[in-house]
Each structure stands twice: as C-alpha cells, then as structure tokens.
Amino acid sequence: MRINYQDEKLRKLCEIRREAEKKLGADCAKKLRARLSDLDAATHVRELIAGHPHPLERDRLGQFAVNLTGGQRLVFTPDHEPIPKDNQGHIDWSQITSITIVFIGDYHD
C-alpha cells in the first residue's frame, strides 16, 4: 500500500526512530514501526489484521485507525480521487490502496 503523510511532522515521527521514541515512548514507537510495516505489506486496507483495524465514526468519519499501545492510535484517510464507495455510499476500504496518515496519538483526550 502507498503511504503518504499529512505533514512533515508526521513523516518524521514515522520515519525517524529516535523522533518516535522521544514523543511516543519506546514501546509505542516499536508498535508504530510494526504497524507501518503492516501497512506497507498490505495491498489494501482490508488486508490489515494486527492492531484491531477499524473505521472511525462521528467527528472522525472517513478515517481508519489501528491500535498502537494504550490509547494511542495511528489514524489515516484514503488517498484516492475519487474515494471508492460501496453500494451504501460508505468508503470501500477493500479498494483503498493509498493512504495519508493524519494523526498519531490518543484522540480520546
């Protein structure tokens, strides 16, 4: 799957181990690296298994998350134009092959 970043700060957090460990802690940084490897290896979002992958709702509708540690999540959106939809008009995550990481942290705070 193709992985993009909403901004340079998120790219550095994902690509520079020391940055992730500094901001997230060693355990969460390790999980982040594992989830990024999972994303890289997957052909589309529905192939994800680890980290309780799930679409989000309410104010995060249109986003998808995987768990890191504790309440920390890696959150992304489809990076397609137009975004593939199913018959009910929802995002068809089985066709999403390119994503943009938009948030890493605890969105429950």
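Only this structure's heavy atoms are used, side chains among them; waters, hydrogens and symmetry mates stay out.
Counting all heavy atoms, side chain and backbone alike, Lys9 lies closest to Lys23 at CE-NZ, 4.3 Å. Of all heavy-atom pairs between Ala50 and Pro53, the closest is O-CD, 3.6 Å. Heavy atoms only, all atoms of each residue included: Phe76 and Ile99 are closest at CD1-CG2, 3.5 Å. Closest approach of His54 to Asn67, counting heavy atoms only: CE1-OD1, 3.6 Å.
Hydrophobic clustering (ILVMFWY, side-chain heavy atoms < 4.5 Å, transitive): Ile3 and Leu32 are in one cluster. Put simply, Leu56 and Leu10 are part of two different groups of oily side chains (I, L, V, M, F, W, Y) that touch within less than 4.5 Å, one to the next. One hydrophobic cluster holds both Ile104 and Met1 under the rule that ILVMFWY side chains link at heavy-atom gaps under 4.5 Å. By the criterion of side-chain heavy atoms lying less than 4.5 angstrom apart, applied directly or through intervening Ile, Leu, Val, Met, Phe, Trp or Tyr residues, Val75 is not grouped with Ile83; the two fall into different hydrophobic clusters. Under the 4.5 Å side-chain heavy-atom criterion for Ile, Leu, Val, Met, Phe, Trp and Tyr, Ile16 and Ile101 are members of distinct hydrophobic clusters.
Between Arg17 and Glu21 there is a salt bridge, since a side-chain N of the basic residue sits under 4.0 Å from a carboxylate O of the acidic one. With salt bridges taken as basic N to acidic carboxylate O contacts below 4.0 Å, one links Arg11 and Glu8. Ion pairing between Arg35 and Asp38 holds under the 4.0 Å rule for side-chain N and carboxylate O.
The shortest distance between side-chain heavy atoms of Leu13 and Leu24 falls below 4.5 Å. Looking only at side-chain heavy atoms (C-beta outward), Pro78 and Trp93 come within less than 4.5 Å of each other. At a threshold of 4.5 Å between non-hydrogen side-chain atoms, the residues Leu39 and Leu74 count as touching. Put simply, the side chain of Val45 does not reach to within 4.5 Å of the side chain of Ile91, judged on heavy atoms. Using a 4.5 Å heavy-atom threshold, the side chains of Val66 and Arg73 count as separate. With a 4.5 Å cut-off on side-chain heavy atoms, Ser94 and Asp86 do not count as touching. In this structure the side chain of Phe103 never reaches within 4.5 angstrom of the side chain of Gln63, judged on heavy atoms.
Checked by atom type and distance alone, the side chain of Gln72 never pairs as donor or acceptor with a backbone atom of Leu68 at under 3.5 Å.
Atom NZ of Lys85 is surrounded by more than 12 heavy atoms from other residues, nucleotides or ligands within 6.0 Å.
Residue Asn4 holds its CG atom at 4.5 Å from CG of Asp79, rounded to the nearest 0.5 Å.
Checked options Arg2, His80, Arg46; the residue passing with Ile96 is His80 (criterion: side-chain contact (heavy atoms from CB on, under 4.5 Å)).
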